[in-house]
Amino acid sequence: MAFKRQVDRLPIIPADAQEFNVTCHYCIVGCGYKAYTWPINRQGGTAPDQNKFGVDLSQQQPTETEAWYAPSMYNVVRQNGRDVHLVVKPDINCVVNSGLGSIRGARMAENRPSRVTGTQAQRLSDPLVWRNGVWQPTSWDDALDLVARVTAKVITQGSEDDLVLSVFDHGGSAGGYENTWATGKLYFQSMKVKNARIHNRPAYNSEVHSTRDMGVDELNYAYSDYEATDTIFMVGANSMETQTNLYLNHMVKGLQNGARFIAVDPRRTITVASSEQYAGKENVLHLAIKEGTDMALFNAILTHIVDNGWTDTDFIAASTFQGGMATAQDEAHPASMGSLDYAMQTCRTSLEQAAEICGVAAEDIAKAAEWIAKPKEDGARRKCVTAYEKGVIWGNDNYRTIGALVNIALATGNVGREGGGVCRLGGHQEGYYRPSDAHVGRPAEYVDQFLIRGLGGVHHIWACDHYKTTINASEFKRVHKRRSDMVKDAIDAAAGGTREQVVDAIVSAINAGGLFVVDVDIIHSQIGQNAHVILPACESNEMNLTSMNGERRLRLSEKYMDPFGNSRPDALIVAGIAQHMEHVLREMGHDAYADQFKGYDWTTEEDAFMDGYHQGNPEVTYDRLRAMGNNGVQEPVTGFADGKLVGTERLYTDGRFTRHGREDGKALFCAAGWRGWQAPGKAREQAAHRFWINNVRANIFWQNQFLDQKNDFVQDRYPYPFVEMNPDDMVDLGLNPGDLLEIVNDNGVTQGMAYPMPTLKRDTVAMVFGAPAGSQGNVVNPGVNELVLPDYKHCWGEIRKISDATETVSGVSFKSHEVVL
Amino acid sequence: MKCNRLVDAGRRQFLRGSGVAAVGAAAAATVGAQAAAATPLARVSFPESRLANLADLAVNEPMDIAYPDADSPGVLLKLGQPAPGGVGPDGDVVAFSVLCPHKGWMLSYSAGDKTLNCPGHHSRFDCEAGGQQVWGHATQNLPQFLLRVDDKGDIHANGVDELIYGRLSNVL
């Protein structure tokens, strides 16, 4: 039986309820919501003057009404120490989503921690320290003192290279300008920590080096460009599933305005299916290429465009580099770059060559080129938006593949113009503002391997869970656990000792190969099982938070409730660590070093914002952002006039490309030479196993699965990680829908639940990424590119049944996801 | 229920009460009696409405209904196989709201796979799994109407298990 809340009535928002601006903190799109709170002993009424909407709520409200909210949009939370009613519902006046709620964001209220309704009881409320064989709750001062003493001792006995850092670099939940600045200031300014990695990849690096090296920032358009374009060219992305309201509120409008849709993806996605519904099948071209062959396809499209004279010659002459090679290939640059002519010497690929490599028809590749670039009958150029994400970012040969894709946009003049743009779609929102990270180096250290080799002594983890989101996860987890257990054993053995004795015991264990782990998170995560100190953070709306979305739209998402228990904003946890580091280092006699930890006298997240982002963007303040509401302002902010922040709708409208730092303002083309599988071990693994194990996302919990692992609505739908399979393959293996299976290869094993998906090709499966109960990363090999970008997407293995479906899945639907109209 | 393709229609409002006037009148009478109660109760009291007789139903042919009142359109189905919440001698008669709990678009029935589908944003719900959302944007599964069959084979609705789109109280 499907999960039902058995709610037959909700409290009505009174006319005088408090109202807050909320940007959904889960995904990159950043939909606008409004939060309403009011005292627990009051309620609105159905009469128009008794409710926030000013309408008669005793009547049924119409389709797409503003005056309705689902039970998932309601909760009771703490605000200034008191319980209040809370409703968080989509904002019809936000240009991003125009009142649409996603299956994720429209559950923000329900996914708030509440001691009254019992939601999200998994949230951490107090600092925890490993003592006497368990995690004991304690005060902030006690926990931070231990963190500072161990950290200070390790980095003064050795160096800052012994401090390993795993840290978010994004906006939205867990990130934002306040928190990226604070963590950046601590680790990159007060210290120069270089053994760092980001939440979803094993090094501290860009995911899109090549487009930046070409001069093109990866977020250069406005979402409205999808509405004004002739063609949407989507690669390795599934926006209906993930960036849902970007698709529904902008791409669909483009399709309804007559745009065509090209999808490059080995799998028929829900985006392909829905686009056929919205645009008509004749206006959708799905290039279902063999996995990992994107670059050859892009090179053939580019070649066809060039050979037919469909390039934008004026744009190329004015805005791109002329005269051969501009930058050479070297250790930090996996391809050379230069003029279009120069790049073509390497990129030139015939339709037939690409058809052979990619496994799609030559005429379809030609058709894609026509849809992108063949001028219209009246001679006008076609406009094309190019959008890409993990299919190529986590794909084969990241640098050259993305370079080959951006080549097409540059050759056709589709950057910096209405209806154009070549952009990654993104996962989290962005919110990066940190001191220079130049000391990290390029290529950056492969931190997972650094830890696996037994290096590093202290591991500070900020809102990262590599148990779920790293490659080679089986080995990583094994080693991380073994090393951290050495320290736990040492703490247990020193039980009853003074702080000094315990610290000495910890450091001795570290010197013997152990790892001291500090985990800052909102929940007790899986990697947190290895932690010795756990510090509870709070989330967006439990603090004020600024971030920008995929069209660089900056908003202040306002605090409307208290942090849960004694949890704190990350920025203020940073301040606490810094202050304790200063104190401990001074006590140790390192006065000069201690001085480096001054400058953290923040009492609110706004203090951290003013110390960081505001210094670089002096026009931007909380008050001004608050006044800009849920539509905010698109970065970069260029001024303040008539009481409003002035932003930038799209980048490069002047035809000058600057992301690479070249003074000539000329974009570069990438000499993207196809070389088959780039990462080590991929070709061998492909040859050795039957199934390609693709990892995919699900709209129901994309970007908030850490909360949804305790959400009844979600767990009812997917109690186990799904592994979508062609039904004929299931028959081969004796699998029924819902049966438990395991995926096995030389890298490890992971577990999931068989879900039939008739549209999947034979011998391929689509397993959900990042599931708490079955990490797909367990079976992904350690292969990365020259700049340590992981190739999560390419992994092969065998599948075997573990068990018949359990009673838990008896109520689960196993029908196809595609709408039937 | 008649129109499966509303994609091109843009934003629309469903027509209130069309084709369900008889049920609406019955429901209204019940609601009227309810309104006379002096003390508010902790939960909504649902009216009981006759929807149809078992003999009116053919396997896998949807019947338009409304419950708890004329402004809340629904569908009555004999699925042919026992299903969660199913009543009748075969345990296969179920009823659901057809207002999508995402944005209130009218769902259409796909007899091929026994799902209700939204033409607006492509959410879909499994009639054989208690209205579980197979894929979509709604943050709840589809409201299912509680049913009772009497000795004469009359099918009555007398409850709803989720909040119906467009109303903050299931009984207005």
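First the proteins, then the strands, lettered A, B, ... as listed; each starts at 1.
Taking each heavy atom of B:His121 and A:Tyr278 in turn, the nearest pair found is CA-OH, 3.4 Å. Shown here for B:Gly136 and A:Asn699, the closest heavy-atom pair between the two residues is O-ND2, 2.6 Å. Taking both residues in full, the closest heavy atoms of A:Gln60 and B:Leu99 are given as NE2-CD1, 3.5 Å, listed atom of the first, atom of the second, then distance. Across all non-hydrogen atoms, the minimal contact from A:Ile103 to B:Gln133 is CD1-NE2, 3.3 Å. Taking every heavy atom of both residues into account, B:Val134 and A:Ser816 meet most closely at CG1-O, 3.4 Å.
Ranked by heavy-atom pairs under 4.5 Å with chain B, the list A:Ala698, A:Ser810, A:Ala106 is led by A:Ala106. Interface check for chain B: of the options A:Ile270, A:Leu57, A:Thr244, A:Ile700, the most heavy-atom pairs under 4.5 Å are formed by A:Ile270. Ranked by heavy-atom pairs under 4.5 Å with chain A, the first of B:Asn141, B:Thr139, B:Asn170 is B:Thr139. Interface check for chain A: of the options B:Ala83, B:Cys100, B:Ser110, the most heavy-atom pairs under 4.5 Å are formed by B:Ser110.
The contact between B:Arg124 and chain A is made entirely by side chain atoms (from C-beta outward), counting heavy-atom distances below 4.5 Å. If you measure heavy-atom distances from A:Phe713 to chain B, the contacts under 4.5 Å come from the side chain alone. When heavy atoms are compared at a cutoff of 4.5 Å, A:Tyr74 does not approach chain B at all. A:Tyr247 does not touch chain B: none of its heavy atoms, backbone or side chain, sits under 4.5 Å away. Of the atoms belonging to B:Val160, it is backbone heavy atoms, and not side-chain ones, that fall under 4.5 Å from chain A. Looking at A:Asn245, neither its backbone nor its side chain comes within 4.5 Å of chain B, counting heavy atoms on both sides.
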Please determine whether side chain to side chain contact (heavy atoms under 4.5 Å, CB included) holds for the pair B:Glu162 and A:Arg5, giving the CA-CA distance in whole Å, both sets of side-chain angles, and the decisive distance to 0.1 Å.
CA-CA 6 Å; B:Glu162 270 284 7; A:Arg5 294 184 182 82; 3.5 Å; yes

Given A:Gln59 and B:Leu172, is the side chain to side chain contact (heavy atoms under 4.5 Å, CB included) satisfied, shown in steps?
CA-CA 7 Å; A:Gln59 301 297 309; B:Leu172 294 173; 5.5 Å; no

Walk me through it: do B:Asp126 and A:Lys815 pass the test salt bridge (Lys or Arg N to Asp or Glu O under 4.0 Å)?
CA-CA 8 Å; B:Asp126 190 345; A:Lys815 292 180 179 171; 2.6 Å; yes

Step by step, would you call B:His102 with A:Leu100 a side chain to side chain contact (heavy atoms under 4.5 Å, CB included)?
CA-CA 8 Å; B:His102 176 224; A:Leu100 289 174; 4.0 Å; yes

Stepwise side chain to side chain contact (heavy atoms under 4.5 Å, CB included) check, A:Met240 with B:His122
CA-CA 10 Å; A:Met240 177 59 152; B:His122 300 176; 3.9 Å; yes

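Between A:Trp68 and B:Tyr165, the ring planes lie tilted relative to each other; the angle falls in the 30° to 60° range.
Residues passing the ring-ring contact (aromatic ring centres under 6.0 Å, His included) test with A:His250 are A:Tyr223, sequence neighbours excluded.
Neither side chain, B:Trp135 nor A:Glu818, offers a donor N or O lying under 3.5 Å from an acceptor on the other. Side-chain contact, A:Ser102 with B:His137: no donor N or O sits under 3.5 Å from an acceptor N or O.
Between B:Gln140 and A:Lys4 the shortest side-chain heavy-atom distance does not fall below 4.5 Å. Two residues are said to be in side-chain contact when any heavy atoms from C-beta on lie closer than 4.5 Å; B:Met106 and A:Thr63 fail this criterion.
For the pairing with B:Leu168, the side chain to side chain contact (heavy atoms under 4.5 Å, CB included) check across A:Ile12, A:Asn51, A:Thr46, A:Asp8 returns one residue only, A:Ile12.
A:Gln6 CD: more than 12 foreign heavy atoms inside a 6.0 Å radius.
Checked by atom type and distance alone, the side chain of B:Gln132 pairs as donor or acceptor with a backbone atom of A:Ser813 at under 3.5 Å.
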